[in-house]
Amino acid sequence: MKKPLTALLCLAVLSVPAIAGNAFVDAEDSIEYRQAAFQLIRHNVGDIAAMVKGEINYDAARVNKRATALATLTTLPWEAFSVPGADKGGNAKAAIWQNLADFTSRSEKLIADAATLKVAADSNDQAEVRKAFGNFARNCKACHDQYKE
Ligand code: HEC
């Protein structure tokens, strides 16, 4: 009977969602999630930036790997802003919830520009990648200036 018990305990640990419709136990959990997502975005952006700036050799396969990751990663943080209480904590400004339509449209633009970056990476055209990356990266500071402490 040892095995079923272990399986049950694992399930108890893994089945955390307590808030209907999402993956978070509470607001703090959702803040941790969105910050973790942003950190992954930062690492992938930083690597492409280093190549685009010529700090390291340009490697098309590596750019493609980063762009592929970013196309998904940029879709992740946003649901973690709609959990009750998620406005208290982290470095998110209250302005987000006062201008939710604007914040959401900025997040959608980031996702769309990441998709364009992925298309550019697939084309293997370095000039296209540079252009798409420039457009993509502009979204970060623009949103942070308004909505991040
Ligand atoms: C639509 C708005 C928006 C866009 C676009 C955006 N961010 Fe953010 N970012 C935020 C907010 C809000 C926070 C604060 C989150 C928190 O503390 O809960 C944040 C936090 C971060 C953090 C800190 C995470 C931590 O550990 O506390 C990093 C790193 C980051 N963003 C990187 C980026 C990069 C890189 C881009 C562009 C590719 C980007 N962000 C685009 C809104 C945005």
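Note that ligands are numbered from 1 as they come in the structure, with each ligand's atoms numbered from 1 the same way. What's counted below: heavy atoms across the whole structure, side chains too, no hydrogens, waters or symmetry copies.
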Taking distance alone, with no angle check, do Gln35 and ligand 1 share an N/O pair under 3.5 Å? yes
Can you tell me which residue and heavy atom of the protein come closest to atom 29 (C) of ligand 1, and the distance to 0.1 Å? Arg42 CD, 3.5 Å
Do Gln146 and Ile96 come close enough that some side-chain heavy atom pair is under 4.5 Å? no
Assess, by modelled atom type and distance only, whether the side chains of Asn64 and Lys118 contain a donor and an acceptor separated by less than 3.5 Å. yes
Could you walk me through whether Ile31 and Gln35 pass the side chain to side chain contact (heavy atoms under 4.5 Å, CB included) test, one step at a time? CA-CA 6 Å; Ile31 292 166; Gln35 290 183 338; 4.0 Å; yes
Would you call Arg62 and Ile56 a side-chain contact if the rule is heavy atoms closer than 4.5 Å? yes
Looking at Glu108, His43, Gln39, the heavy atom closest to atom 24 (C) of ligand 1 belongs to Gln39
Nearest protein heavy atom with distance in Å, relative to atom 4 (C) of ligand 1: Cys143 CB, 3.4 Å
For Asn139, atoms of ligand 1 separated by under 4.0 Å from a heavy atom: 5 (C)
Where's the contact between Val45 and ligand 1, heavy-atom distance under 4.0 Å: side chain, backbone, both or neither? side chain
Any N or O of Lys148 closer than 3.5 Å to N or O of ligand 1: no
Would you mind reporting whether Val45 and Phe136 have side-chain heavy atoms less than 4.5 Å apart? yes
Hey, is there an N, O or S on Cys140 sitting under 2.8 Å from atom 8 (Fe) of ligand 1? no
Lys NZ or Arg CZ of Arg106 over Tyr147 ring: under 6.0 Å, within 45°: no
Heavy-atom distance under 4.5 Å between the side chains of Phe38 and Leu73, does that happen here? no
Below 4.0 Å, non-hydrogen atoms only: which portion of Tyr33 touches ligand 1? Side chain, backbone, both or neither. neither
Plane angle bin for Phe81 and Trp78 - parallel if under 30°, tilted between 30 and 60°, otherwise perpendicular: parallel
Against heavy atoms of Ile96, which atoms of ligand 1 measure under 4.0 Å? 12 (C)
Looking only at protein heavy atoms, which one is nearest to atom 32 (C) of ligand 1, and how far off is it? His144 CE1, 3.6 Å
I'd like the name of whichever of Trp78, Phe38, Phe103 reaches closest to atom 10 (C) of ligand 1 through any heavy atom. Phe38
Hey, does Arg34 come in under 3.5 Å of ligand 1, counting only N/O atoms on both sides? yes
Has Ser107 got any heavy atom lying under 4.0 angstrom from an atom of ligand 1? yes
shortest atom 17 (O) of ligand 1-to-protein heavy-atom contact is with Asn91 N, 2.6 Å
Numbered atoms of ligand 1 (with element) below 4.0 Å of Tyr147, judged on heavy atoms: 12 (C)
Would you say the side chains of Asp26 and Ser30 form a donor-acceptor pair under 3.5 Å? no
Can you check whether Thr116 reaches Asn135 side chain to side chain, under 4.5 Å on heavy atoms? no
